[in-house]
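Shown next, in structure tokens, is the structure this report addresses.
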Amino acid sequence: MQVRNCNLIQLPTIQDGIDGTISVAENPKQIPFEIKRVYYIYNLANQEAKRGMHAHKKLEQVLFCISGSFLLYLDDGTKQEEMLVYKPNVGVYLGPCLWHIMTNFSSNCILMVLASGFFDETDYIRDYNEFRNYVANK
Ligand code: T46
């Protein structure tokens, strides 16, 4: 990964033949924080769907695309990167202070997120210029 505060997390995966596959995420083995919140996003069939467009000051998250695919754009204030997220057993760790945008959702996309904290609107930076100033002054 080129941007800071970000890496891929591979989950141990058990292939159960005709009975399917199990992937497991545990703290602290794979998830580097205590999980306080799990949320998931679905009904993403609209081609115009666009999520994110913000950064978090402190929150850490791991994003899993457990069905379908989407395009993830990341910006750490200096470097930018884009990746297709599509493997149910590979999560994307997003540390604090990463501007992130999600687009190009496949119609069957389900995005599941493990988060280090409860929902807190004061942790969001929703203005890009404010984000650039925030990371520049850190
Ligand atoms: C990220 C992507 C994947 C809550 O009330 N509780 C929650 O836990 C969340 C996540 C959202 N909300 C409310 C707050 C807003 O009124 O749902 C609305 C949309 O929330 P948000 O702008 O956070 O939605 P996304 O999908 O743009 O972003 C969220 C995460 O914030 C983001 O970090 O990676 O999901």
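Both ligands and their constituent atoms are indexed starting at 1 by order of listing. Nothing fancy with the numbering, it's 1 onward along the sequence. Not measured: the values here are computed from a predicted model.
Across His54, Met102, Arg37, heavy-atom proximity to atom 31 (O) of ligand 1 is greatest for His54. The option from Tyr39, Tyr40, Phe70, Phe119 that lies nearest to atom 5 (O) of ligand 1, judged by heavy atoms, is Phe119.
Near Gly52, the atoms of ligand 1 lying under 4.0 angstrom from a non-hydrogen atom of the residue are 25 (P), 27 (O). The distance from ligand 1 to the heavy atoms of His100 drops below 4.0 Å at these ligand atoms: 1 (C), 32 (C), 33 (O), 34 (O). If you number the atoms of ligand 1 from 1 as listed, the ones under 4.0 Å from a heavy atom of Arg51 come out as 19 (C), 24 (O), 25 (P), 26 (O), 27 (O). Applying the 4.0 Å criterion to heavy atoms of Ile41 picks out, from ligand 1, the atoms 3 (C), 26 (O), 35 (O). Which parts of ligand 1 touch Tyr124 is read off a 4.0 Å heavy-atom cut-off, strictly below it: atoms 21 (P), 23 (O), 31 (O). Atoms of ligand 1 lying under 4.0 Å from any heavy atom of Leu111, numbered from 1 in the order shown and given with element: 3 (C).
Ring geometry for His56 versus His54: interplanar angle over 60°, hence perpendicular rather than tilted (30 to 60°). Ring planes of Phe131 and Trp99: tilted class, angle from 30 to 60°.
Proximity of a side-chain donor or acceptor of Asp76 to a complementary backbone N or O of Arg4 within less than 3.5 Å is detected.
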- prompt: Is there a side-chain contact (heavy atoms from CB on, under 4.5 Å) between Val62 and Val113 once you walk through the steps?
  reply: CA-CA 6 Å; Val62 183; Val113 183; over 6 Å; no
query: Given the rule in the side-chain contact (heavy atoms from CB on, under 4.5 Å) test, do Val85 and Met83 qualify, once you have shown the distances and angles that lead to the verdict?
result: CA-CA 6 Å; Val85 184; Met83 75 188 78; 3.9 Å; yes
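Judged by distance alone, the side chains of Glu60 and Tyr93 do bring a donor and an acceptor atom under 3.5 Å apart.
With a heavy-atom cut-off of 4.0 Å, Arg126 touches ligand 1 through its side chain alone.
Separation of the Tyr124 and Phe119 ring centroids falls under the 6.0 Å cut-off.
Atom 17 (O) of ligand 1 lies below 4.0 Å from none of the non-hydrogen atoms of the protein.
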